[in-house]
Asks: 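This is the structure I have questions about; it appears just below.
Worth saying up front: this structure is predicted, and the values here are computed from it rather than measured.
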Amino acid sequence: MATLGASSRAARRLRFATSTPTPLSRICARFYSSEAPPPPLLQKIKADLKTAMRAKDATRLTAIRSILAATLNASKTASPIATDAQLVALLRKTQRASAHATSEFAAAGRQDLADKEQAQIDILEEYAAGSGVEEVGEDRLRVIVTEVVTSEAGQGGKPRMGDVMKKLLAPGGPLEGKDVEKEMLARVVKEVTGTN
C-alpha cells in the first residue's frame, strides 16, 4: 500500500505540473521589433501626460490628449509621425486650428471657450519651442530657395515650381528636419521662380 500511495502522489504532482501552462511570455522572447522608437518630443509629451494627471492640470491634460490623439490618427495614415520635425509640424497645424476656433468663439461672444483655446495654443507653442527643431524664418527661407533655384537654373532651362519644391523637401534636402510653414514656402518659391 505504501507504494500505491507514493505513486498516486507522484501522479498528482505530474498532473498538477502539466495542467498549469507556462505563460507565453516566459517561453518566447522578442528579439527584434519592426517599429522605430518614438521621437524624443513624443516621449516627453507622454511623460508630461502622467505629470498633468497627477497634478490635475485639466488645461494641460486636454492639450496633451489632443496631441496624442492627432499622433495616433497620423500613425494610421501612409506617413506616420517618425521625427520631431513631423511632430512639430503637427503641433503647428493644431495651433492654427485652435487659433481659428479662438476667433470663432470670440466672434460668437463665448470668451470662456476662447480663453480655453488660447491656453491650449500656449501649451502647444511651449512644446514646439522646446522641441529643438530649427524654425526657418522667411528671410532664411528666401536665401535657401534662391540657392536651389540658381542650381536648378544652372542645369538648363527655367526651374519649375514643382521641381524646386521636390528638391527642397526631399530627404537630404536643405529643409529636411526643419520647421517650415508650407504655405510660406510655396509663396516664396513662387516669388523667386516668377511663377504665378
Side-chain angles (χ1 to χ4, degrees), residues 35-52 57 59-104 114-152 159-193 195:
E35 294 180 17
L41 181 60
L42 186 59
Q43 291 175 343
K44 180 185 182 315
I45 290 171
K46 286 181 179 180
D48 287 351
L49 175 71
K50 294 175 189 172
T51 306
D57 185 357
T59 307
R60 184 169 293 274
L61 196 57
T62 302
I64 291 173
R65 283 183 175 155
S66 71
I67 295 167
L68 294 177
T71 56
L72 180 65
N73 288 339
S75 71
K76 296 175 184 176
T77 64
S79 58
I81 304 293
T83 64
D84 278 347
Q86 291 173 328
L87 185 57
V88 169
L90 182 69
L91 291 174
R92 298 282 184 213
K93 181 179 176 184
T94 307
Q95 273 183 313
R96 285 191 299 272
S98 293
H100 179 70
T102 301
S103 64
E104 291 289 322
D115 292 339
K116 283 183 181 180
E117 288 294 324
Q118 186 58 45
Q120 184 171 351
I121 290 170
D122 295 339
I123 292 169
L124 294 173
E125 179 59 38
E126 176 186 323
Y127 283 117
S131 68
V133 175
E134 180 185 348
E135 187 174 350
V136 180
E138 188 170 354
D139 297 333
R140 173 101 171 96
L141 187 61
R142 192 173 300 281
V143 170
I144 293 171
V145 170
T146 304
E147 290 173 0
V148 170
V149 167
T150 55
S151 71
E152 286 287 314
R160 295 190 328 230
M161 182 179 169
D163 294 336
V164 173
M165 292 287 282
K166 284 179 189 175
K167 189 155 192 148
L168 287 167
L169 298 173
L175 294 179
E176 181 185 31
K178 295 182 174 64
D179 180 26
V180 62
E181 290 185 31
K182 302 288 193 275
E183 296 158 0
M184 182 173 61
L185 175 63
R187 183 173 42 81
V188 170
V189 170
K190 279 181 185 178
E191 290 172 5
V192 173
T193 59
T195 311

Asks: Hey, could you give me the CG/CD1 distance between L42 and I81, rounded to the nearest 0.5 Å?
Replies: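 Output value for this atom pair is 8.5 Å.
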
Asks: Are there over 12 heavy-atom neighbours, none belonging to R96, within less than 6.0 Å of that residue's CZ?
Replies: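 Check passes, neighbour count above 12.
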
Asks: About how many Å separate CD1 of I67 and NZ of K46, when rounded to the nearest 0.5 Å?
Replies: 12.5 Å

Asks: Once rounded to the nearest 0.5 Å, what's the spacing between atom CG of L185 and atom CG of L141?
Replies: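 Answer rounded to 0.5 Å: 5.0 Å.
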
Asks: Working to the nearest 0.5 angstrom, can you tell me the gap between Q120 CD and T94 OG1?
Replies: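 Reported value, rounded in 0.5 Å steps: 8.0 Å.
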
Asks: When you compare the side chain of R60 with that of E126, does any pair of heavy atoms fall below 4.5 Å?
Replies: yes

Asks: Determine the minimum heavy-atom distance between M184 and V136, stating which atoms define it.
Replies: CE-O, 3.8 Å

Asks: Enumerate, atom names and distances included, each donor-acceptor pair closer than 3.5 Å involving a side-chain atom of residues 161-178, sequence neighbours excluded.
Replies:
unit_1 : atom_1 : unit_2 : atom_2 : d
K167   : NZ     : E152   : OE2    : 3.4
E176   : OE1    : G172   : N      : 2.8
K178   : NZ     : P174   : O      : 3.3

Asks: At what distance, to the nearest 0.5 angstrom, does CG of L61 lie from OG1 of T51?
Replies: 10.5 Å

Asks: Should R140 and E134 be marked as a side-chain contact (heavy atoms from CB on, under 4.5 Å) after you check the CA-CA gap, both sets of side-chain angles, and the distance that decides it?
Replies: CA-CA 11 Å; R140 173 101 171 96; E134 180 185 348; 4.3 Å; yes

Asks: Show me the donor-acceptor pairs, under 3.5 Å and distance only, between side chains in residues 84-93 and residues at least two apart or in other chains.
Replies:
unit_1 : atom_1 : unit_2 : atom_2 : d
D84    : OD1    : L41    : N      : 3.0
Q86    : OE1    : A82    : N      : 2.6
Q86    : OE1    : T83    : N      : 3.2
R92    : NE     : D179   : OD2    : 3.0
R92    : NH1    : Q95    : OE1    : 3.2
R92    : NH1    : E125   : OE1    : 2.9
R92    : NH2    : E135   : OE1    : 3.3
R92    : NH2    : D179   : OD2    : 3.3

Asks: Rounded to the nearest 0.5 Å, what's the gap from CG on D57 to CD1 on I123? Could you check?
Replies: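 One gets 6.5 Å once the value is rounded to the nearest 0.5 Å.
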
Asks: Looking at E191 and R187, is there a salt bridge between them, counting it only when a charged N and a carboxylate O are closer than 4.0 Å?
Replies: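 Between E191 and R187 there is a salt bridge, with a charged N closer than 4.0 Å to a carboxylate O.
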
Asks: Mind checking side-chain contact (heavy atoms from CB on, under 4.5 Å) for S103 and listing every partner two or more places apart, or none if nothing turns up?
Replies: H100

